[in-house]
Amino acid sequence: MRSPELLKPWLNPALPWQHGVLERLSSLQAQEKLPHAILLTGAKGLGKTRMAASFAAGLLCKIPGIDPCGSCEACQLVGGGAHGDFKWIAPEEGKRAIGVDAIRHAVTFMQQTPGYGFHKLLVIEPAEAMTVAAANALLKTLEEPSGNAHLILVSHRPGELPATIRSRCQRFNVPHPTMQVAIDWLTAQTSCSAQIADQAYSLTRAQPLTAERLIQSEDLVAREALAGALDGLLDGTKVMPEALVELNSYELDMVLETALQSVERRVYAAAVPNASRQHFYQRDQILRWLAASRSGINFGRDVMLPELGRLLTSRH
Ligand SMILES: [Zn+2]
């Protein structure tokens, strides 16, 4: 187990776009036809890892139903990282691969009869991190599955798994939410505007959980306000001394980067040659300042911000 979030999966309710897959798994479970080997796929940032944790804990939970209750004896053991029938394999801290030793231990674990309840659960995440030797060691378990042992492989790049592994698993793919579902979910989770949700979702290439973290870091909200101040200077709707007060509350590099974006938008959009020449000049100047700042030259914000203001308000 890696993080407290995964240790208490009942604190993470299923996400709207996961319901279809969960219903299929739940129905198979109800018919006692749950596959021994489940390959849970889908793009990054769709919450597959927490879904696997929740589903595994739900199978171990003493209360019938797909969601773990969070309070029975089994859930308490899962929450303490001490449930003897539940094993979670991920790359060790600071490593990228899952080695053969970890998988050999897991294979032995899978062959033992359940000690606490009815099921044994092994989650490997991300499955494509297994070395070739590790994947070969796992094959044995896939070829001779024992009674109530279930393996859940979580992978956002299933193409990198050996075909011998893939062919022995039943695949369940978590789909992307529709744009509207994603935006509704993001606005409900973070109380942001639909515009910010839309922007974050695009920036993170349709990864709702990554977009949620981005919004929560407040980077986007702050950037939007900063871009508004800089655009105001460029368009002449804001004047210097007042705008300076606004710019002063941001990191200098962030101000320069955002100013660069504002100017570049105008370079690309310029219909009038003269207007674009001015924006080209502004862009080159900001690039020089950014390069200097990144190579460690510190002009100081007291010098730089008024300079930037003069540059953005200059009309040639
Ligand atoms: Zn429970």
Side-chain angles (χ1 to χ4, degrees), residues 1-42 45-90 102-103 105-127 141-142 145-155 169-175 177 185 188-189 208-209 212:
M1 274 298 171
R2 292 200 303 179
S3 70
E5 190 194 37
L6 296 180
L7 281 172
K8 295 190 168 44
W10 43 89
L11 299 180
N12 299 308
L15 300 164
W17 50 93
Q18 299 175 341
H19 287 156
V21 170
L22 279 170
E23 275 163 23
R24 273 173 63 211
L25 286 168
S26 167
S27 141
L28 288 168
Q29 159 67 3
Q31 300 166 57
E32 296 186 3
K33 287 181 182 165
L34 194 66
H36 282 291
I38 292 168
L39 174 57
L40 192 60
T41 61
L46 295 177
K48 297 183 300 300
T49 302
R50 55 190 256 186
M51 182 183 157
S54 176
F55 181 68
L59 286 176
L60 297 167
C61 175
K62 302 281 186 192
I63 310 292
I66 189 145
D67 295 320
C69 75
S71 50
C72 74
E73 188 197 351
C75 286
Q76 291 298 308
L77 286 168
V78 169
H83 198 298
D85 291 331
F86 188 18
K87 201 168 179 62
W88 189 283
I89 295 189
I103 297 297
H105 284 133
V107 169
T108 310
F109 161 83
M110 288 290 268
Q111 286 161 344
Q112 293 156 353
T113 48
Y116 294 77
F118 190 62
H119 292 288
K120 268 189 114 65
L121 262 304
L122 168 65
V123 180
I124 302 179
E125 172 271 331
T141 299
L142 293 173
S146 49
N148 291 311
H150 298 282
L151 166 69
I152 304 177
L153 298 176
V154 182
S155 175
C169 297
Q170 194 164 327
R171 183 168 171 175
F172 295 82
N173 189 56
V174 179
W185 182 78
Q189 291 296 115
L209 295 192
E212 182 193 15

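Order of listing sets the numbers, starting from 1, for every ligand and every atom in it. All values below were derived from every heavy atom in this structure, side-chain atoms included, with hydrogens, water molecules and symmetry-related copies excluded.
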Taking 2.8 Å as the distance threshold, tell me the number of protein N/O/S atoms next to the Zn ion (ligand 1). 4

His119 side chain near Gln29 side chain, heavy-atom distance below 4.5 Å: yes

Flag side-chain contact, heavy atom, 4.5 Å: Leu46 against Leu15: no

If you look only at distance, which donor and acceptor atoms sit under 3.5 Å apart when one is on a side chain in residues 34-41 and the other is two or more places apart or in another chain?
| from | atom 1 | to | atom 2 | distance (Å) |
| --- | --- | --- | --- | --- |
| His36 | ND1 | Ala149 | O | 2.8 |
| Thr41 | OG1 | Arg171 | NE | 3.1 |
| Thr41 | OG1 | Asn173 | OD1 | 2.8 |

Minimum side-chain heavy-atom gap Trp17-Pro208 below 4.5 Å: yes

Any side-chain heavy atom of Pro177 within less than 4.5 Å of one from Trp185? no

Write down the atom of Ile89, the atom of Ala106, and the distance for their closest heavy-atom approach. CD1-CB, 3.3 Å

